Amino acid sequence: MKYDVKQFTLEQKLRFLEGKDGWRLYDADGALPETFVADGPNGLRKVENGTTVPATAMPNISSLSYTWNPELAFLDGATIADDCIDNKVSVLLAPGVNIKRTPLCGRNFEYVSEDPYLAGVLGKAYIEGVQSKGVGTSLKHFCANNREYDRCYQSSEVDERTLREIYLPAFEIAVQAKPWTVMCSYNPINGIWASEHEQLLNGVLRQEFGYDGLIVSDWGAVHDAPRCVKATLDLGMGNAPAFEALKAAYDSGELTEAEIDARVEKVLALIEKAATADKKVTTTKEQRHENAVTIAKEAIVLLKNEDGVLPLQGGELLFVGSHGHKTPVGGGGSALVVTDYQIPALYTLVQESLKGKANVSVPASARISQQMQSLSHLNLAYARAHDADTVVLCIGNNEKVESEGFDRTSLRLSREHEDVILNLAKANKNLVVVLYAGSAVDMSPWIDKVKAVVLAGFAGEGVNEALADILTGKVCPSGKITETFPLRLEDTPTGTTRGNGFYERYTEGVLVGYRWYDTKGMEVLFPFGHGLSYAEFEYSDLQIKKESETDYEVSFTVKNLSKTDAKEISQVYVSDVCAMVERPVKELKGFAKTALKAGESKRVSVKLDYRSFAYYSVALKKWHIENGAFEILVGSSSRDIRLTGKIDIQLPKAEQFTLPF
Ligand code: GLC
């Protein structure tokens, strides 16, 4: 340790426990280097003298997750880290791995998935990417912060098993990357503020998960600084000054010097890490943009493609909708990046790509602004739509619709947007909807009226370059959604409920996302893990190799049956055939992404271990496998299961506590 806690006075030590200001740690009046922290998950958002410095707007984490590609998650983090180093930011306040319990949550664009395993694996890779450059991260928001409504006060009332199986595993997996910091959430969990939740911060995160870094509060999440210190929160940021309260607690004996020193040592360790880490910028601004495009190309999801209307073949192409040239780079709030990159209009990129094959036009009046001009204003577009071979409508949400600080109240697009889709569909049956959105959208009023839907997501400043390559077939779409798109809000586990301002009971338990819809046997619009390709894939030859009673290697062959090079995301789910506790009908426990040239076959292998089969037993206070049969489901999505196998686990009787089956 370069900085010894003993070298500081009590007053200095207490000042280390809170920020010097909104973005800097205390530096002992200049005796220590300055340590600057800044958001956020989708790119650097550094606020300086009231303005946000421009940075590369990377794909939002939700779009990044649609790649199912840990290597791209690493690249994403490493790219943002270069912007951090250029702007002297030592810790990036990202990634967010909160589970998408309701598609209404305003910050879903910032989060990874409804599945904890996927969220953990991609969150871990992202952290490794950022920290590979000598920049720290802040894994957030710990924990059970699953909506924006009343996020600072409403308690998440979650039973122990649901916490362990759904809301903690993403953190448990991601802390293996040793994030420099973990950020606690605003909300209470079961009635105790996250910032002073000793059982979760110290008991679970530090003792059980082995986390030995710094725990920082969300901005303004400290309510009782002395109690936070006792709960092992190290640093309160964005709060009212806590010095007096801490000094009084020390003077009264409520806080001991040892308790204070233990927290200050974490802060000093962070300052030292930030000051001594080997920081290496390896990309130019142009290369960061190219990385954003590279990731976006795998983040875009082809949700529907009827009659092969995509890829575009040329002819008369009419582009409508302002999203294609006033393109949103992400959702609103602390994660919104300001880029100075001039995002090219999608139609100009397609025009360029199909030069000589297509006549691409975009009637001026067809530029549907986000404010949605009156429909009559679009008459020219409807008139022109009749004459086009294909109409491409660029539409969706933006930072005013999906944002930190509030939840959506509906999953649908605005009434005007829906009317535009329906009117254009009447005018031309070959309607392609390019949807810019950071979370699930209810498309039920119009999905059957359009030939194709391409989910552009909030894929950052490179989204239109990626879209142009996908729409014209230069790139084969490979993205797959990591949250269920339900048919309607009422089908979701939380429906239109949102708690009562004091608490929200997580009554659905472990049945979150596809775990809910699949266990209940409900129809959905697009299932978890869904995404089409221009290629077709054949799965065959499933082998399940037993390496121990609870360790297995699942292998299978995937063949690209088409004439186009492609990538396929294969998913491996586990189903406990018969259990003495309620278990989801299937759970994602492995995945692999395979690049396949036209006609190529490859062998794919995924490992399963104890935790792939176990549930958390509140009776035994540990993860537990009940003996018996388990199904292994290999799918192209959670509802497109291609291969099924079965194993039987027989652990020693001494470890079994249920009726003999
Ligand atoms: C915000 C967000 C958190 C962000 C922090 C700093 O309230 O909850 O994610 O990193 O404050 O902006």
Side-chain angles (χ1 to χ4, degrees), residues 18-25 35-48 50-53 55 58 60-62 64 77 80-81 83-84 87 89-100 105-112 119 123 126-127 130 135-154 156 170-171 174 179-189 193-195 213-223 228 233-240 270 330-338 399 402-407 438 458:
E18 57 182 358
K20 177 178 176 182
D21 58 29
W23 304 108
R24 288 178 296 175
L25 273 59
T35 308
F36 206 102
V37 303
D39 291 303
N42 310 325
L44 175 66
R45 182 186 75 102
K46 179 179 182 182
V47 182
E48 216 161 39
T51 57
T52 304
V53 302
M58 301 300 287
N60 283 212
I61 294 247
S62 55
L64 172 63
I80 299 173
D83 270 332
C84 291
N87 289 280
V89 170
S90 303
V91 180
L92 180 71
L93 302 172
V97 295
N98 292 101
I99 295 304
K100 302 185 184 183
C105 176
R107 293 183 87 171
N108 277 348
F109 67 90
E110 282 190 61
Y111 299 152
V112 179
Y126 178 102
I127 292 165
V130 176
V135 175
T137 55
S138 195
L139 175 61
K140 66 188 186 181
H141 307 88
F142 188 79
C143 67
N145 177 191
N146 307 103
R147 64 169 80 241
E148 287 303 286
Y149 169 71
D150 211 8
R151 64 172 174 163
C152 295
Y153 296 98
Q154 180 166 275
S156 299
F171 293 93
W180 288 10
T181 76
V182 170
M183 185 189 296
C184 82
S185 58
Y186 285 113
N187 55 284
I189 299 103
W193 296 113
S195 58
L214 177 140
I215 303 176
V216 61
S217 75
D218 200 338
W219 267 234
V222 169
H223 299 273
C228 291
L233 184 99
D234 302 301
L235 176 63
M237 289 298 283
N239 299 284
L270 178 64
S334 61
L336 185 58
V337 178
V338 171
E399 69 281 0
E402 296 188 50
S403 173
E404 175 180 353
F406 59 88
D407 297 325
F458 283 154

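Because the structure is a prediction, the values reported are computed rather than measured. Atoms within a ligand are numbered from 1 in the order they appear, just like the ligands themselves.
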Under the ring pair (Phe, Tyr, Trp, His ring centres under 6.0 Å) test, residues paired with Phe142 that sit two or more places apart:
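So Phe142 forms a ring pair (Phe, Tyr, Trp, His ring centres under 6.0 Å) with Phe171.
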Donor-acceptor pair, Asp407 side chain versus Gly106 backbone, under 3.5 Å?
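Present.
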When rounded to the nearest 0.5 angstrom, what is the spacing between OG in Ser156 and CG in Asn98?
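The CG atom of Asn98 is 9.5 Å from OG of Ser156, to the nearest 0.5 Å.
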Calculate, to the nearest 0.5 Å, the distance between atoms CD and CG belonging to Glu399 and Asn60 respectively.
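These two atoms lie 10.5 Å from each other.
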Could you report the tightest heavy-atom contact between Ala221 and Tyr186, atom names first, then the distance?
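It is CB-CD2, 3.7 Å.
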Looking at every heavy atom in both Ser185 and His141, which two are closest together, and how far apart are they?
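Result for this residue pair: CB-CB, 3.6 Å.
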What does the 4.0 Å heavy-atom contact list look like for ligand 1?
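Correct list: Trp23, Asp39, Arg45, Leu93, Arg107, Lys140, His141, Arg151, Met183, Tyr186, Asp218, Trp219, Ser334, Glu404.
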